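Just so you know, ligand 1 is whichever comes first in the structure, and atom 1 is the first atom listed for that ligand. The structure presented is a predicted model; accordingly, all values stated were derived computationally and were not measured.
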Amino acid sequence: MIRPDDGHLHLRDGAAMASVVGATARVFERAIVMPNLKPPITTVAQALDYKQKILSSLPENTHFKPLMTLYLTDETSPEEIEKLAQTKDLIGVKLYPAGATTNSNAGVTDLRKVWDVLETMQRCNVPLLIHGEVTTQGVDIFDREYMFIRHILDPLLENLSTLKVVLEHITTQEAVDFINNGEDRLGATITAHHLLWNRNSIFQNGIRPHFYCLPILKREEHRLALVEAAISGSPRFFLGTDSAPHAQSAKENSCGCAGMYTAPAALELYAEIFEHYQALDKLEAFASFYMADFYGLPRNTKQITLIKQAWQMPDKCALGEEVVIPVRAGEMIQWQIE
Ligand code: DOR
Ligand code: ZN
């Protein structure tokens with residue numbers, strides 16, 4: 001197959017980044033890199049600096065192109081968006097509702113505060129990448145995505161009628177329906193973990209912190225809706241791993257962080273799912289064409305080969321001075337890259 005692109009990736013910073021970037025670069029040609037660092041990437045200059053750090057952390061003989069994003073805050077200026085639109089290494093702006101997830105405290109508190117920025121994005125054809133969950137106190141954690149679509153995303157799209165939007169890491173039937181019924185300017189990424197597991201996995205014989213991510217895993221019927229969308233051949237749904245490494249100590253904690261580290265077997269896990277549903281013929285377009293098409297980028301041309309040969313995921317991987325527990329730690333993965 002043509003080398004894939006990862007539509008949604010967390011690489012972190014410093015020594016942690018140097019430990020994880022190779023896992024993605026070994027397979028993916030490009031990845032859209034999330035800006036939720038501490039402090040967040042809020043200016044074009046910071047994004048370009050971060051990109052250089054990523055490139056200088058790459059293992060030898062890897063060809064990997066990070067596509068950078070800006071973190072939208074209440075203070076983002078329309079001028080910064082105009083600058084972004086002129087800079088080819090930046091691809092879009094990420095909206096984190098304040099408090100929705102890891103390092104989102106600097107996120108947007110009210111969309112009305114960034115309306116001029118959103119209008120500028122629309123005018124300059126800059127896509128908005130959305131963490132689609134409401135943060136309203138009292139809304140059940142399993143309803144946060146659905147409530148966001150209904151009360152925030154739908155009116156947003158109505159008021160900004162040509163803004164390009166990616167609803168990231170979708171987790172529900174409602175999200176799938178919303179994308180399918182929406183216009184072409186609306187796309188969505190789907191993670192491997194939301195295709196593989198439902199919310200029971202978080203509570204299998206005890207509480208399993210390594211299955212805690214945001215948006216949280218949902219009921220089986222939602223997982224099946226995501227599988228159907230991913231294998232449907234619709235170009236509106238594309239691969240985005242949301243691989244999100246956290247140190248073991250930060251996950252196995254009385255207040256554990258959200259995030260699943262899938263990068264060491266990302267494409268291989270998607271292959272398992274697509275094979276299970278007899279849809280391997282749909283994998284290449286989902287993984288390697290639709291993200292590029294949506295963002296108006298050239299499709300990749302180099303190839304990789306996936307072979308069906310089992311291998312064992314290590315129990316842990318390095319994360320700077322610490323370790324991170326990857327998904328399927330110590331278990332077998334059915335596919336590998338030749
Ligand atoms: O599970 C998640 N982890 N969801 C997010 O939205 C953020 C990510 C992270 O950065 O750890
Ligand atoms: Zn993410």
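With Phe28 as reference, Leu239 is the one residue of Asn300, Leu239, Ile304 to meet the side-chain contact (heavy atoms from CB on, under 4.5 Å) rule.
Distances between N or O atoms of Cys213 and those of ligand 1 include no value under 3.5 Å. Taking only nitrogen or oxygen atoms, main chain and side chain alike, Thr101 reaches within less than 3.5 Å of ligand 1.
Aromatic ring pairs are classed by plane angle as parallel below 30°, tilted from 30° to 60° and perpendicular above 60°; the pair Tyr71 and Tyr96 is tilted. Using a 30° and 60° split on the angle between ring planes, Phe238 and Tyr295 fall in the perpendicular class, above 60°.
When heavy-atom distances to ligand 1 are checked against a 4.0 Å cut-off, Arg12 comes that close only through its side chain, counted from C-beta outward. Of the heavy atoms in Met34, none comes closer than 4.0 Å to ligand 1.
Salt-bridge formation is detected for the pair Lys308/Glu275: a Lys NZ or Arg NE/NH1/NH2 atom is positioned less than 4.0 Å from an Asp or Glu carboxylate oxygen.
Val27 and Leu196 end up in the same hydrophobic cluster when Ile, Leu, Val, Met, Phe, Trp and Tyr side chains are linked at under 4.5 Å. Under the 4.5 Å side-chain heavy-atom criterion for Ile, Leu, Val, Met, Phe, Trp and Tyr, Leu70 and Val108 are members of the same hydrophobic cluster.
Remark: ligand 1 atoms within the under-4.0 Å shell around heavy atoms of His131 are 6 (O). Less than 4.0 angstrom separates some heavy atom of Asp242 from each of these atoms of ligand 1: 4 (N). The contact set between ligand 1 and Ala244, taken as ligand atoms under 4.0 Å from a residue heavy atom, comprises 3 (N), 8 (C), 9 (C), 11 (O).
Heavy-atom distances between Asn103 and ligand 1 stay at or above 4.0 Å for every pair. Heavy atoms of His246 approach ligand 1 to within less than 4.0 angstrom.
Counting only heavy atoms of the protein, atom 3 (N) of ligand 1 lies nearest to Ala258 O, 3.1 Å. For atom 4 (N) of ligand 1, the closest non-hydrogen atom of the protein is Leu214 O, 2.8 Å.
Annotation for Ile307: hydrophobic cluster partners, listed by chain and number, are none (ILVMFWY side-chain heavy atoms under 4.5 Å, direct or chained).
Below the 2.8 Å limit, the Zn ion (ligand 2) has as protein N, O or S neighbours His8 NE2, His10 NE2, Asp242 OD1.
Taking the centre of each ring, His194 and His222 stay at or above the 6.0 Å mark.
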Checklist entry - Taking it one step at a time, do Leu157 and Leu163 satisfy side chain to side chain contact (heavy atoms under 4.5 Å, CB included)? => result CA-CA 7 Å; Leu157 292 169; Leu163 180 69; 5.7 Å; no

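Of all heavy-atom pairs spanning Leu55 and Pro66, the tightest one is CD2-CD, 3.7 Å. Between Leu214 and Glu133, the closest heavy-atom pair is CB-OE1, 4.0 Å.
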